[in-house]
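Let me begin by presenting the structure, written as structure tokens, before commenting on it.
Each chain gets a letter, A, B and so on, in the order the sequences are listed, and its residues count up from 1. No hydrogens, no waters, no symmetry mates; every other heavy atom, side chains included, goes into these values.
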Amino acid sequence: MKITTWNVNSLTARLQHVLDWTAANPVDVLCLQELKMTDDKFPFEALHAAGYEHCAMFGQKTYNGVAILSRQPLRDVVKNIVGFEDEHSRVIAATVDGPAGEVRVVNGYFVNGQEPGSEKFAYKMNWLRGLNGYLRDELGKHERLVLLGDFNIAPEDRDSYDPVGLKDTIHHTVQEREHFRQLIELGLADSFRMFDQPEKSFSWWDYRMLGYQKNRGLRIDHILVSGKLKPEVKGCTIDRVPRKWEKPSDHAPVTLEI
DNA sequence: ATGTCCCCCGCTGGGGGA
């Protein structure tokens with residue numbers, strides 16, 4: 001069973017890339033972030049035709065927006081962080097059946113946070129606190145759980161192209177990394193780091209300054225798995241191919257195999 | 001400071017967010 005996370009930076013702008021990528025990589029579940037569209041604009045028909053007959057989305061105008069696309073039915077869809085008031089559409093969860101049992105999928109577009117000390121950074125910290133409490137509850141209800149998405153956190157120095165120059169800047173702060181660690185402490189494992197990976201493996205590259213060509217990137221898109229799922233994990237890989245396509249998303253898809 | 005891309009508003013360019 002394959003589950004992918006991909007921040008598409010507008011599903012309107014990236015629909016053809018999603019269709020092309022899934023045609024070559026027919027994953028079972030595709031979790032998207034930054035749809036930047038309202039629910040009424042969601043391209044259900046094209047995605048159904050691509051094999052994703054079951055789609056749950058949580059959109060909003062212009063910003064944010066998340067969706068779970070699945071070949072198998074989705075159950076118990078929950079939008080947003082339960083217990084945290086949020087005007088943004090950033091989290092959607094659903095349960096899907098897999099060969100070894102059902103999996104709870106929690107798909108998040110984590111707050112960017114702009115810069116430490118800003119109001120947006122304070123919102124990021126509160127949001128992360130809310131998410132942690134929500135995940136604690138979800139893990140109590142679902143022992144086979146995946147938390148994935150655009151975390152907007154580079155958890156360790158090796159997840160950044162310039163950990164010295166970017167020390168204490170957004171994505172790299174001690175506070176953000178502490179929140180990531182607290183998610184791990186809930187019993188989640190960073191599936192990407194369960195395996196040997198090439199050095200300088202990143203999932204996001206700035207559009208500017210030839211970021212991708214120079215591999216000036218960050219690993220900020222993650223797939224965490226619960227303790228129960230951990231022994232089942234067969235792999236976790238970042239696919240850089242679509243980042244080379246014309247008018248790409250700035251993020252690459254990351255895929256978990258269980 | 002800037003680069004780039006995407007959205008909106010609403011009009012051919014500016015502003016916000018990342």
Side-chain angles (χ1 to χ4, degrees), chain A residues 5-21 30-43 46-47 57-67 80 86-92 107-128 131 148-155 159-163 165-173 175-177 179-180 202-222 238-254:
Chain A
T5 175
W6 195 4
N7 179 324
V8 289
N9 185 16
S10 166
L11 184 54
T12 306
R14 227 64 64 197
L15 178 60
Q16 195 56 50
H17 282 198
V18 169
L19 298 175
D20 291 346
W21 190 81
L30 178 58
C31 297
L32 303 177
Q33 303 91 35
E34 281 207 85
L35 306 180
K36 297 187 174 179
M37 59 168 55
T38 46
D39 291 16
D40 57 300
K41 303 283 198 303
F42 192 78
L47 295 169
M57 71 134 358
F58 181 32
Q60 82 178 68
K61 196 174 180 181
T62 311
Y63 306 118
N64 310 308
V66 285
N80 254 340
D86 197 351
E87 289 177 9
H88 295 176
S89 301
R90 295 186 172 277
V91 180
I92 188 166
N107 172 25
Y109 173 46
F110 291 36
V111 177
N112 175 289
Q114 199 170 44
E115 63 174 320
S118 67
E119 247 175 66
K120 286 173 185 170
F121 191 81
Y123 165 50
K124 184 174 196 172
M125 294 299 108
N126 286 328
W127 191 93
L128 286 164
L131 181 75
L148 78 178
D150 175 0
F151 283 50
N152 271 314
I153 300 173
D159 299 313
S160 172
Y161 72 95
D162 186 8
L166 294 172
K167 186 173 159 52
D168 298 330
T169 66
I170 200 68
H171 304 119
H172 301 70
T173 66
Q175 298 100 302
E176 292 164 285
R177 288 176 171 179
H179 275 292
F180 187 89
F202 305 129
S203 65
W204 171 88
W205 301 262
D206 201 302
Y207 286 122
R208 297 168 290 187
M209 294 289 285
L210 301 173
Y212 180 75
Q213 289 85 338
K214 296 179 175 173
N215 197 29
R216 292 171 169 241
L218 305 175
R219 192 178 71 94
I220 55 176
D221 300 270
H222 306 296
I238 299 171
D239 184 2
R240 298 166 56 125
V241 168
R243 188 62 177 77
K244 300 170 193 161
W245 293 346
E246 188 134 349
K247 290 263 177 193
S249 167
D250 40 359
H251 294 255
V254 184

Decide yes or no on ring-ring contact (aromatic ring centres under 6.0 Å, His included) for A:Trp6 and A:Trp21, but give the supporting numbers first.
-> CA-CA 11 Å; A:Trp6 195 4; A:Trp21 190 81; 5.8 Å; yes
Which parts of nucleotides 7-18 of chain B does protein reach within less than 4.0 Å, heavy atoms only, written one letter per nucleotide 5' to 3' as B for base, S for sugar-phosphate only and - for none?
-> SSS-------SS
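- Within a 6.0 Å radius of NZ in A:Lys214, more than 12 heavy atoms belonging to other residues, nucleotides or ligands are found.
- As rounded to the nearest Å, B:dC11 and B:dC7 have C1' atoms that lie 16 Å from one another.
- Each of A:Glu176, A:Glu115, A:Glu119 was scored for a salt bridge (Lys or Arg N to Asp or Glu O under 4.0 Å) with A:Lys124, with one residue passing: A:Glu176.
- Nucleotides B:dC8 and B:dT2 are separated by 24 Å at their C1' atoms, to the nearest Å.
- Residue A:Glu87 places its CD atom among 12 or fewer non-hydrogen atoms of other residues, nucleotides or ligands, all under 6.0 Å distant.
- In this structure, A:His88 has its ring center closer than 6.0 angstrom to the ring center of A:Tyr123.
- B:dG10 and B:dG15 are spaced 13 Å apart, taking the C1' atom of each and rounding to whole Å.
- The residue A:Arg14 sits close only to the backbone: its heavy atoms come under 4.0 Å of sugar-phosphate atoms, none of a base.
- Contact check, A:Lys247 against B:dT4: no side-chain N or O comes under 4.0 Å of OP1 or OP2.
- For the pair A:Leu128 and A:Ile153, the minimum side-chain heavy-atom distance is below 4.5 Å.
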